[in-house]
Structures are given as structure tokens and as C-alpha cells.
Amino acid sequence: MSIFKNENEMQSWLEKEMEDIEGLGSLLFNVESIKNYKPRNEVEKKIKDSYMHCLPSLYLTEIITKNQNISSSSGDILKPDILAYGIERESLILIELKNLSGTTREAGTELAAYSGELKGYLSHLSDGDIMNVIISPFWPTLLKHYVFNNIVWQNKNMICLEPCIVENKIVLKPLELSILLQAEMPQKFGPEHLCGYHICLYDDSQYSHDREPTKLHGQIEVIKASIARMAAEGEKANSHGFLILTKEINGYGLAPYMITLVNAAPLSSIERYFHSDEIKTYKDLPFIGQKIYDIVTYYEPLGLGANTSKIFTSGKPYLKKICNPQIESINPWTILRGEINNWRTEAIYFESWGVFKEKSMEILFNKYQSDDYDYNLNSIQLGFEVIEELVDEQYEFKRLPALRKIEF
């Protein structure tokens, strides 16, 4: 049962409290439960780290706006419940209040709009400088999904607080991490969530009958530079993927090297919702979820989003200086993986971004902890371990049937 009758009452209470205290942190209760929490895996650690990163910004704050329009565009209305300044950490704090047990409003989407508007004002403002605070007595499935996805997959800073009464006073306690862990939701990729292609590096000099050995063997650093550039583009876009460089074993082919680009298929994750115990049918999805479902089942996208194309484009100028790069075998990872390590090719180099880079750092640190210094971030052996950790070969990818025709 909610302490407040509605969100307006919650808003009035919080505004009054924040005017009389140094910061939102003065209202927090049982913060030790978060500080003392022992993560059991990398996902739990990311959620705890998000909470711990937000907390220091909350203890000394100044309110900037209270339910006021911050949009600079005429006719647009963007009203964060409270926008505050974290004085000690020099951060901006977006506070969103919810007092509804249902899904009347799309869960959490307001914060993304407010964050985008702030970054429109401040060109150097990063996601790391924005603290997102959600205060609610209710945590329906879609709101939990929103928070989980933004922390774990999008690397946003977010903390969830619940109003409660302690010694006849209303305080805010951190939402238990276990509530956000979504045990019923997959935390790994299925092979069909990943898609990409091979970038075959053709050496045009090898078309000659009296050809000399390819010069690409002496230009491997240029190839690695192109791979680093593509990985940086993937990281900048906040996506998740990896690149594998393979070398032709026999040495007689026209393309002595091949780069395999694999990226998370942007729309494929809609099927993840149907792994939840609380979302079983199309009607259980929110409005925007139903619209995306219709698009995905009608058009059946291959999984090569605009971001994948941009990643390749960023590294292409490097490659064109030394070879003729050509895209081949556009396929999901289920097919690409069998074309990397076989009797004709040998994988020799690995690069990654997003959660694949995070997992690479985690595994590498564990090896160094065990005095195993034979690996670095680009070791192909490390890359295969990362892929094995993050890609569940037994994942049950749910096929979504088309339910109706799309009307425009």
C-alpha cells in the first residue's frame, strides 16, 4: 500500500523535505544494505556499482527545477519531477516519482527524454555525469525491465528508492537489488541475438599469374588499427559486439585475411520479454512494445542495424589503403562461428566493445590474479572464453508469430 494518495502528494512532500535538508541523501535509510551487499556475478556487481556511483551525489544537493518545463523547443513539454545539482560530485540529478502499481505511463521513458534534453544544452555532458533516481512504492515488471536494461546493457547511472515509514517518519530506502535481478530474464545472448558478416581483405596483386607473396603480412598493424577504430565506434554507440581477425592457413587465396564483425542485432531483444513469467502474450506488452513486435514480425529484419554499417564504415578507410575489403556471408553468429576456425583459416586476433569488452577485462583480471600473464585484451584465446561466457548456445530463442498486418 502506498504512503501517498497520488504522485502530486509525493511531489509536494519531497519538495518540502529537500528545501529543509542539505540533500536527498538525508532522507535515505538502510544504505548499509547496499554497501554490504556481496555480488555473486558481474550482473549483480553492475547494479550495485550503479547504486554506489549515484549515492555520493545525493548528500549535498540544490534543486534546479520542480515539475517545470525544461524543453528549449516551442510546443514540447519535458517536465522532470525534480532536477537537482549534486554539489560535491558536480553532477546533475534527475528524480522521477511514481505512485502507480499499473503501467499507465510507459515505464521510465521520461528519464531518457530529460537526459537527452540536458545533453542538448551541454555538449560535453556525459551519461556518467547524470544520476537517475526513481522513487516508487510499486515496481511492476516493465519498470524493473527498464531499470535492469539501462544499468546492465546501457551503462546508465541509476538508483531506485522506496518510500517507507521508520519511527513515524517517511524515509527512502534503496530498493533491494534482488528485485531488479530478473532471475526469470536471460542475462546472456543467444546466438541469434548476434549478427554480422565477414570483411574479406582481398589483395588485388594476387590475381596475377606470376604473383609475389602478399604484402598484407607486413601490414598487419594497419589491419589492427582498422579493427581498433571499428571497436571504438561500437563503444561510442553503446552497442555490444566483437571483431575476430583470421588468417588464411594455406596462403594461396586471394584474401589472405578476414575480419569477422559481430554486433548485437538491435531489434531481436524484443523476444526476451517473453522469457518473463509476467509477460506471456502480445497484449502483456506495453504500447511501444506491441508496435515494435509488429515491425519485427512483419519485416523480419536480418539484424544488421545502421550501427553495424557505421562500425564497418569507420574502419574501412584504413583497410582501403592496403587492400580491397569486401563484405561476405551476412549471417547470424550461429553460421559465422563455423567459418572462422576451420581447416582453411586460423583466428589470430580479438577486439570487442560493450559487455564483451567488460567481460574481457573481468576474465583478464582474474587471470592476472592467478599469475597467468600469457594473455592480453586482444588474445584470441581470451576472445573465445569471452564469447563462451556471454553466448548461451542452449538459449531458447522464441519465434514470434505475426499477429496482424501493419497499417500506415
Donor-acceptor contact present, side-chain S309 to main-chain A306, <3.5 Å: no
Taking all non-hydrogen atoms of both residues, which atom of S226 and which atom of G315 are closest, and how far apart? CB-O, 3.5 Å
Derivation of the side-chain hydrogen bond (donor to acceptor under 3.5 Å, both in side chains) call for H198 and Q326: CA-CA 8 Å; H198 303 309; Q326 295 294 325; over 6 Å; no
Regarding E339 and R344, does a basic nitrogen lie under 4.0 Å from an acidic carboxylate oxygen? no
Would one find more than 12 heavy atoms of other residues, nucleotides or ligands at under 6.0 Å from atom CD of Q381? yes
Give me the ring orientation class for F189 and H240: parallel if the planes are under 30° apart, tilted from 30 to 60°, perpendicular past 60°. tilted
If you define the side chain from C-beta out and look only at heavy atoms, does anything of S57 sit under 4.5 Å from E88? no
Salt bridge R89-D129, side-chain N to carboxylate O under 4.0 Å: no
Could you tell me whether a side-chain N or O of K98 sits under 3.5 Å from a main-chain N or O of F138, the two making a donor and an acceptor? no
So, N150 side chain and V147 main chain: donor-acceptor pair closer than 3.5 Å or not? no
Within-4.5 Å side-chain heavy-atom neighbours: F148 and W153: yes
Approximate separation, where rounding is to 0.5 Å, of I64 CD1 and L83 CG: 4.0 Å
Where do I199 and P325 come nearest, in terms of heavy atoms and distance? CG2-CB, 3.9 Å
Quick one: do E19 and K66 make a salt bridge, cutoff under 4.0 Å? yes
Measure the spacing between CD1 of I244 and OG1 of T260 and express it to the nearest 0.5 Å. 6.0 Å
Can you confirm whether M158 sits close enough to I134 that some side-chain heavy atom of one is under 4.5 Å from a side-chain heavy atom of the other? yes
Counting only heavy atoms from other residues, nucleotides and ligands, does the tally under 6.0 Å from NZ of K173 exceed 12? no
Report the C-alpha separation of D204 and Y202 in whole Å, then their side-chain angles, then the decisive distance to 0.1 Å, and conclude whether the side-chain hydrogen bond (donor to acceptor under 3.5 Å, both in side chains) test is met. CA-CA 6 Å; D204 290 344; Y202 285 95; over 6 Å; no
What closest approach, in Å, do N307 and S239 show between heavy atoms, and which atom pair accounts for it? ND2-OG, 3.0 Å
Within the distance-only criterion (no hydrogens, no angle test), does the side chain of S370 pair as donor or acceptor with the backbone N or O of D372 below 3.5 angstrom? no
Got a second to check how far N331's CG is from C195's SG, nearest 0.5 Å? 7.0 Å
So is K367 actually on top of Y375's ring, under 6.0 Å and inside 45° of the axis? yes
May I ask you to check whether over 12 heavy atoms, not counting those of F365, lie within 6.0 Å of atom CZ? no
Could you check E233 against K310 for salt bridge (charged side-chain N to carboxylate O under 4.0 Å, His left out), going step by step and ending with a plain yes or no? CA-CA 8 Å; E233 190 65 37; K310 190 175 183 181; 3.7 Å; yes
Y349 versus I227, closest heavy-atom pair with distance: CD2-CD1, 4.0 Å
Validation row: I95, N132 side chains within 4.5 angstrom (heavy atoms): no
From I130 atom CD1 to L122 atom CG, the distance as rounded to the nearest 0.5 Å: 8.5 Å
Counting only heavy atoms from other residues, nucleotides and ligands, does the tally under 6.0 Å from CD of E15 exceed 12? yes
Indicate the atoms forming the closest heavy-atom contact of L216 with C323, along with that distance. CD2-CB, 4.0 Å
Donor-acceptor under 3.5 Å (Y51 side chain, L175 main chain): yes
Hey, is CD on E328 packed in by over 12 heavy atoms from elsewhere, all under 6.0 Å? yes
Using only atom types and a distance under 3.5 Å, with no angle test, would you say the side chain of N67 pairs donor to acceptor with the backbone of D81? no
N157 side chain to G128 main-chain N or O, any donor-acceptor pair under 3.5 Å? yes
Let me see the working for W139 and Y146 under ring-ring contact (aromatic ring centres under 6.0 Å, His included), right down to the final yes or no. CA-CA 11 Å; W139 298 94; Y146 171 84; over 10 Å; no
Flag side-chain contact, heavy atom, 4.5 Å: F356 against V262: no
Mark yes or no for whether E389, through its side chain, and K359, through its backbone, hold a donor-acceptor pair below 3.5 Å. no
Flag side-chain contact, heavy atom, 4.5 Å: I151 against Q154: no
Option among Y395, F397, F242 that satisfies the ring pair (Phe, Tyr, Trp, His ring centres under 6.0 Å) test with W333: F242
Atom pair CG (N69) and CG (D76), whose distance is rounded to the nearest 0.5 Å: 8.0 Å
Kindly check if the number of other-residue, nucleotide or ligand heavy atoms within 6.0 Å of NZ (K398) is above 12? yes
Evaluation steps, side-chain hydrogen bond (donor to acceptor under 3.5 Å, both in side chains), between S268 and E192: CA-CA 8 Å; S268 65; E192 291 171 283; over 6 Å; no
I need the single residue from E32, E44, K45 that forms a side-chain hydrogen bond (donor to acceptor under 3.5 Å, both in side chains) with Y37. Which is it? E44
Please report the interatomic distance CG(L78) to OG(S71), rounded to the nearest 0.5 Å. 5.0 Å
Stepwise side-chain hydrogen bond (donor to acceptor under 3.5 Å, both in side chains) test for W353 and N263: CA-CA 9 Å; W353 55 93; N263 203 31; 3.2 Å; yes
Closest heavy-atom contact between Y318 and V222? O-CG1, 3.6 Å
Is the shortest side-chain heavy-atom distance between I259 and M230 below 4.5 Å? yes
Applying salt bridge (charged side-chain N to carboxylate O under 4.0 Å, His left out), run through K357 and E351 and close with a yes or a no. CA-CA 8 Å; K357 175 56 71 69; E351 182 60 277; 3.4 Å; yes
Heavy-atom donor-acceptor pair, H193 side chain to G190 backbone, under 3.5 Å: yes
Does L125 form a side chain to side chain contact (heavy atoms under 4.5 Å, CB included) with L118? I'd like the steps, not just the answer. CA-CA 8 Å; L125 183 67; L118 292 175; 3.9 Å; yes
Given K46 and E358, is the salt bridge (charged side-chain N to carboxylate O under 4.0 Å, His left out) satisfied, shown in steps? CA-CA 10 Å; K46 286 192 74 171; E358 291 174 4; 3.0 Å; yes
Between Y114 (side chain only) and K79 (backbone N and O only), is there a donor and an acceptor less than 3.5 Å apart? yes
Are the side chains of T246 and E346 in contact, using a 4.5 Å heavy-atom criterion? no
Worked check of side chain to side chain contact (heavy atoms under 4.5 Å, CB included) between M52 and I34: CA-CA 8 Å; M52 295 302 296; I34 301 302; 3.9 Å; yes
